[in-house]
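Each remark here refers to the structure printed beneath this line.
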Amino acid sequence: MLQIQNIRDNKEQILLALNKRNKDFSSTIDQLLEIDAQRRKIQQEMEAFLAQGNALAKQIGDLFKSGNKAEADALKEQTATIKQNSKQLEEKLAVLEAEQQQLLYLLPNTPHESVAFGKGAEENVNVKEVGTIPILPENKKAHWDLADQYGLIDFETGVKITGAGFPIYRGKGAILQRALINFFLDEARKAGYEEVIPPHVVNEASGYGTGQLPDKEGQMYHIGVDDLYLIPTAEVPLTNIYRDVILKESELPVRITGYTPCFRREAGSYGKDVRGLNRLHQFDKVEIVQIAHPNDSYTILEDMVKHVEGLLQKLELPYRILRLCGGDMGFTSALTYDFEVFSAAQERWLEVSSTSNFETFQANRLKCRIKGQDGKTILAHTLNGSALALPRIVASLLENHQTADGIRIPAALVPYTGFEWIK
RNA sequence: GGAAAGGUGGGUGAGUGGCUGAAACCAACAGUUUGCUAAACUGUCGUAGGGGAAACCCUACCGGGGGUUCGAAUCCCCCCCUUUCCGCCA
């Protein structure tokens, strides 16, 4: 959430930045500033009455103590109108504050200066492309056929037990999942992240903290009886650890990683793009999260990008890195790099990681702050990235490493799987 | 699910109507002194909103929301949460 004070002080700058999202927010901003001005005016008036009332109450108290009951009673009569006035203003103020809040919720994060204007995915900037795309034999198979052939994943039975998008991994398919999770966690630990096992279900406040609520309400599974949400990503519980926390500069940066299943309703997405492992309702992911000082957050973002790159290289997958344009970037992000691997049988790029700097957007909602040496508190910057999401990694591993003799496991993963081939 | 206790500043914890935005202790920060990885002493030390060039001032906040009162951390009502015991149970 943007800060009203910032909007007040840097209106033009913010509008310019928001324009990159290919949407015009000027009317929202104008409305917001108008309400803000009203709000402050009303607040001043109300506080003047409150101050008056406080002073009177003190006087009355003193008079009572000195036994001057008559004079005290006389003063009491004055309090009625003051109370009435402040109460009226308080109601007005509450309305204005609520309106202001609603408008603030509508504003996405301001893109970083390096983010390009753009309408949608086709205008994302290709930062780099690494690795060679394997040349597969004529009879190459898509991962859903390979998964079936080698008995790795049972999509149909998942449908029976739960529904579409809840696959069952079996045998080497299941071991491969576990191997990838361990591999990713180990790599994150080596890079300095503390491993965390968070809850997989969160409350409403946490949903608001990282920005899933109210924007993406329909995308999360909601447990009605207990009013809790299944996490769509570990980002939610991991980042919310630092909700309402004031960190010392010496504690920065905070680096944590966690594996969790992720649950997404993905309402409204159907078709061939969602076949097999391409889009699921439940999937596994290792997430990396950092809380950083504003001065360091972009250096840290680059570090995180390097980390994710390292993983893809070790898995011997051809990948590309995209810097998302304004129109394709998530609501809460200031700068996002997407990682895509080329899945050679489907002959398409699949997104496997999204690594972002949210600057103060989440921190403002989370109230995650840093207390500096000078004693002043400032909002922290939050960052996170998938490192990595499993299903599409598995899809491309199966497709890219398929041979006539079976599927080859990349060397870096063999210590984790315990086998070199899926045959 | 049943019963009880409790939610106060970074932590422990005092505070039952005005002298309390809140004692004390610990932690933290700054300094003094002494100096072998420390101790002692002194000082600072909640958050947010608003006003002001600034010094500083005002307002709100003791789980959340309402109420009583001239005045509420303190009294009343509702809700939420935590802990303990019992029950159930991986």
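Numbers restart at 1 for each chain; the letters A, B, ... are given by sequence-line order, proteins then strands.
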Whole-Å gap separating C1' (B/G63) and CZ (A/R243): 13 Å
Spacing between A/Q44 atom CD and B/C57 atom P, to the nearest angstrom: 18 Å
A/M46 CE to B/G51 P, straight-line distance once rounded to whole Å: 13 Å
Watson-Crick or G-U stems involving RNA chain B, each at least 3 pairs long, distances under 3.5 Å, ordered by first number: B:1-7 with B:80-86, B:10-12 with B:24-26, B:28-32 with B:40-44, B:46-51 with B:56-61, B:63-67 with B:75-79
Pairwise C1' distance, B/G9 and B/G46 [rounded to whole Å]: 5 Å
Rounded distance in Å between the C1' positions of B/A72 and B/U34: 50 Å
NZ/NE/NH1/NH2 to OD/OE distance under 4.0 Å, A/K58 and A/D62: no
For atom CZ of A/F49 and atom C1' of B/A60, their distance in whole Å: 18 Å
Atom P, compared across B/A14 and B/U8: separation rounded to whole Å: 11 Å
A/D186: salt bridge (Lys or Arg N to Asp or Glu O under 4.0 Å) partners, not counting sequence neighbours: A/R189
Rounded distance in Å - CD (A/Q3) to C1' (B/G50): 16 Å
Kindly list each side-chain donor-acceptor pair under 3.5 angstrom involving residues 90-103 of chain A, sequence neighbours excluded, with atom names and distances?
unit_1, atom_1, unit_2, atom_2, d
A/Q100, OE1, A/R39, NH1, 3.4
A/Q101, NE2, A/Y105, OH, 3.4

side-chain contact (heavy atoms from CB on, under 4.5 Å) partners of A/A57, counting only residues at least two apart: none
For atom NZ of A/K248 and atom C1' of B/G11, their distance in whole Å: 11 Å
Sugar-phosphate only, base, or nothing, as touched by A/L50 at under 4.0 Å among non-hydrogen atoms: sugar-phosphate
Those residues that, when tested against A/K11, pass salt bridge (Lys or Arg N to Asp or Glu O under 4.0 Å) (two or more places apart): A/D30
Nucleotide-resolved protein contact map, nucleotides 67-82 of chain B, B/S/- at heavy-atom distance under 4.0 Å: S--BS-----------
Closest-nucleotide ordering on RNA chain B, the 5'-leading residue of A/Q52 and A/E90: A/Q52
Distance between C1' atoms of B/G2 and B/C77 (Å, rounded): 24 Å
Minimum side-chain heavy-atom gap A/L230-A/M220 below 4.5 Å: no
Nearest-Å distance for atom pair CD1/C1', residues A/I42 and B/A60: 17 Å
Separation of A/L106 CG from A/Q31 CD (nearest 0.5 Å): 9.0 Å
Whole-Å C1' distance, B/A27 and B/G18: 33 Å
Pairwise P distance for B/U74 and B/G7, with rounding to whole Å: 12 Å
Side chain to side chain donor-acceptor pair (under 3.5 Å) partners of A/H112, counting only residues at least two apart: A/S114
Nearest-angstrom distance, P atom, B/G11 to B/C75: 23 Å
Base versus backbone protein contacts along nucleotides 44-49 of chain B [heavy-atom cut-off under 4.0 Å; B, S, -]: --SSSB
side-chain contact (heavy atoms from CB on, under 4.5 Å) partners for A/I241, two or more places apart: A/V196, A/L238, A/I256
P spacing across the pair B/C25 / B/U44, given as an integer number of angstrom: 13 Å
Residues which pass side chain to side chain donor-acceptor pair (under 3.5 Å) with A/Q44, listed by chain and number, not counting sequence neighbours: none
Set of salt bridge (Lys or Arg N to Asp or Glu O under 4.0 Å) partners for A/K306, sequence neighbours left out: none
Distance-only donor-acceptor pairs under 3.5 Å for side chains of residues 325-334 of chain A, two or more places apart:
unit_1, atom_1, unit_2, atom_2, d
A/D328, OD2, A/N124, ND2, 3.0
A/S333, OG, A/L335, N, 3.2
A/S333, OG, A/L335, O, 3.2
A/S333, OG, A/T336, OG1, 2.6

